[in-house]
Amino acid sequence: MQADTELYSGKAKSVFTTDDPDKLILRFRDDTSAFDGEKVEKLARKGNVNNKVNAYVMGQLEKAGIPTHFEHLLADNEALVKRLTMIPVECVVRNITAGSICKRLGIEEGIELNPPTFEFFLKNDALHDPMVNEYHIRSFGWATDEEITEMKKLTFKVNDVLKQLFLDAGLLLVDYKLEFGRYHGNVVLGDEFTPDGCRLWDAATRKKLDKDRFRQGMGNVVEAYEEVAQRLGVELG
Ligand code: 5GP
C-alpha cells in the first residue's frame, strides 16, 4: 500500500490517503510537541518506537474485543488504518492524579483515584483543548447520546485491559487520552496509544516514562519510550 496525498499533518503524525478510500496511512514522525505546539523538537527514533508501541497496544485492545482503526504495520514509521470520521473530543481516564487535574483542582500529584475519573476535552489547540461535558457535546452536535455512551464504555474497557497489561510490565498507567471516530456507523478507537498520549510510571520507583519527560525538560525522552517498548516485549527492529 502506497501513501498517496497528504490529508492532514498533525504535531507528531501525518495522515495520507491510499488507493483504498476506506484506508489511510499514519506516518509517525520524530517531531515532539507540548503545550499546544509551543514547544517542538525532533527526537530521533521516536516515530519508530511510537509506531511499534501503538501497533502492539492496538493489537492487544482488538484481542480484548475493543474495535480499533489499526490494520497492520507498513514500515518502521508507518501503519495502515481504517479511515474514520473523527469525533472532535478527547476522552481522558485518570487512575492517579497528575497533569492538568492537579492544577485545575489544586491537588497534589500521585493520589490514587478509586474509582478512576473520566473527562472530556474539546480538540481545539487554539483554545487549549478546553474541558467540556456531555451537554456541550450533545448541544453542539459533536456526538450523539449513543456515541457518548459508547466512547465512555470503550474508554473504561481500555482501562481494564491496559492497567493490567502495563502492571505486568512493572508500569503504572496513570492516565491517558483516547480519540474515537465513526466507521460504517460504529464508534471505533482511532488516533494512537503511545507514551505521547498517556502517563506511565515505573511501578516501584514512580519514575516517569512518558511525555512528561519532554514537557518537564527531564531528558532521555526516547530512551524512556524505548524502555516502555522493551518492558512490553515490543520489537523495535
Ligand atoms: P492532562 O489533562 O493532564 O494534560 O492530560 C491527561 C492525559 O491525556 C495525559 O496522559 C496526556 O498525555 C494526555 N493528553 C491530553 N491532551 C492531549 C493532547 O492534546 N495530546 C496528547 N498527545 N496527549 C494528550
Side-chain angles (χ1 to χ4, degrees), residues 8-15 26-43 46-47 49-51 53-54 57-58 61 69 86-113 116-133 137 142 151-152 154-156 158-159 161-163 165-166 171-181 189-202 206-218 221-222 224-225 228:
Y8 171 78
S9 187
K11 294 190 289 292
K13 294 192 297 298
S14 301
V15 181
L26 291 189
R27 182 173 297 160
F28 289 76
R29 307 194 314 269
D30 288 344
D31 300 301
T32 312
S33 84
F35 313 120
D36 301 311
E38 267 175 44
K39 178 176 177 177
V40 184
E41 271 174 45
K42 254 193 205 316
L43 300 176
K46 200 199 69 154
V49 65
N50 273 3
N51 187 33
V53 168
N54 180 61
V57 172
M58 291 280 174
L61 294 176
H69 69 158
M86 295 307 290
I87 297 171
V89 297
E90 301 180 338
C91 300
V92 170
V93 160
R94 299 177 192 273
N95 295 308
I96 301 176
T97 58
S100 73
I101 200 172
C102 295
K103 283 199 192 133
R104 214 178 325 121
L105 302 181
I107 288 167
E108 69 180 278
E109 182 176 275
I111 298 169
E112 285 189 32
L113 297 171
T117 195
F118 182 102
E119 297 165 343
F120 282 117
F121 296 89
L122 176 64
K123 256 185 91 67
N124 186 321
D125 274 347
L127 297 177
H128 307 293
D129 293 351
M131 188 188 234
V132 292
N133 65 32
I137 296 174
W142 297 321
M151 286 193 290
K152 286 194 296 188
L154 291 173
T155 303
F156 277 116
V158 166
N159 203 34
V161 177
L162 295 189
K163 248 192 338 193
L165 183 98
F166 285 115
L171 296 163
L172 296 175
L173 178 58
V174 173
D175 59 27
Y176 57 91
K177 180 262 299 177
L178 302 181
E179 295 181 28
F180 293 90
L189 178 62
D191 194 49
E192 66 178 76
F193 195 103
T194 68
D196 266 359
C198 70
R199 290 191 172 93
L200 293 167
W201 295 349
D202 179 272
R206 296 206 159 191
K207 177 182 164 194
K208 295 179 201 250
L209 295 165
D210 56 65
K211 199 160 89 172
D212 271 352
R213 299 196 71 83
F214 177 72
R215 296 187 185 100
Q216 298 172 10
M218 299 168 77
V221 179
V222 175
Y225 289 25
V228 170

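Each ligand, and each atom within it, is numbered from 1 in the order the structure gives. Quick note: numbers below take in every heavy atom, side chains included, and nothing from hydrogens, waters or symmetry partners. Worth saying up front: this structure is predicted, and the values here are computed from it rather than measured.
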Self-check item: Lys/Arg-Asp/Glu bridge criterion (N-O < 4.0 Å) met for D175, R199
Solution: yes
Practice problem: For ligand 1, indicate whether the residue R215 contacts it via side chain, backbone, both or neither (heavy-atom separation under 4.0 Å). | Solution: side chain
Quiz item: Within a radius of less than 6.0 Å around CD of E109, do more than 12 heavy atoms belonging to other residues, nucleotides or ligands occur?
Solution: yes
Quiz prompt | Residue portion contacting ligand 1 (non-hydrogen atoms closer than 4.0 Å) for D36 | solution = neither
Quiz item: Just going by heavy-atom distances, which of R199, K123, K177 is nearest to atom 15 (C) of ligand 1?
Solution: K177
Quiz prompt | Residue D129 vicinity, atoms of ligand 1 by number, heavy atom under 4.0 Å | solution = 19 (O)
Quiz prompt | Residue, atom name and distance, where the atom is the protein heavy atom closest to atom 16 (N) of ligand 1 | solution = E90 OE1, 3.3 Å
Practice problem: Compare G99, S100, A98 and give the one whose heavy atom is closest to atom 2 (O) of ligand 1. | Solution: S100
Practice problem: Identify, for atom 9 (C) of ligand 1, the protein heavy atom at the shortest distance, and state residue, atom and that distance. | Solution: D175 OD1, 3.2 Å
Quiz prompt | Option passing salt bridge (charged side-chain N to carboxylate O under 4.0 Å, His left out) with E112 (candidates R206, K163, R94) | solution = R206
Practice problem: Please identify which atoms of ligand 1 are closer than 4.0 Å to at least one heavy atom of C198. | Solution: 10 (O), 12 (O)
Practice problem: Kindly determine whether Y225 and D196 satisfy side-chain hydrogen bond (donor to acceptor under 3.5 Å, both in side chains), including the steps that lead there. | Solution: CA-CA 9 Å; Y225 289 25; D196 266 359; 2.6 Å; yes
Quiz item: Do other residues, nucleotides or ligands put more than 12 heavy atoms under 6.0 Å from Q216 CD?
Solution: yes
Quiz item: Within the distance-only criterion (no hydrogens, no angle test), does the side chain of Y8 pair as donor or acceptor with the backbone N or O of K13 below 3.5 angstrom?
Solution: no
Exercise. Specify the protein heavy atom at minimum distance from atom 22 (N) of ligand 1: its residue, its atom name, and the distance to 0.1 Å.
Key: D196 O, 3.1 Å
Quiz item: Which one of T155, V158, L189, L154 satisfies the side-chain contact (heavy atoms from CB on, under 4.5 Å) criterion with C91?
Solution: T155
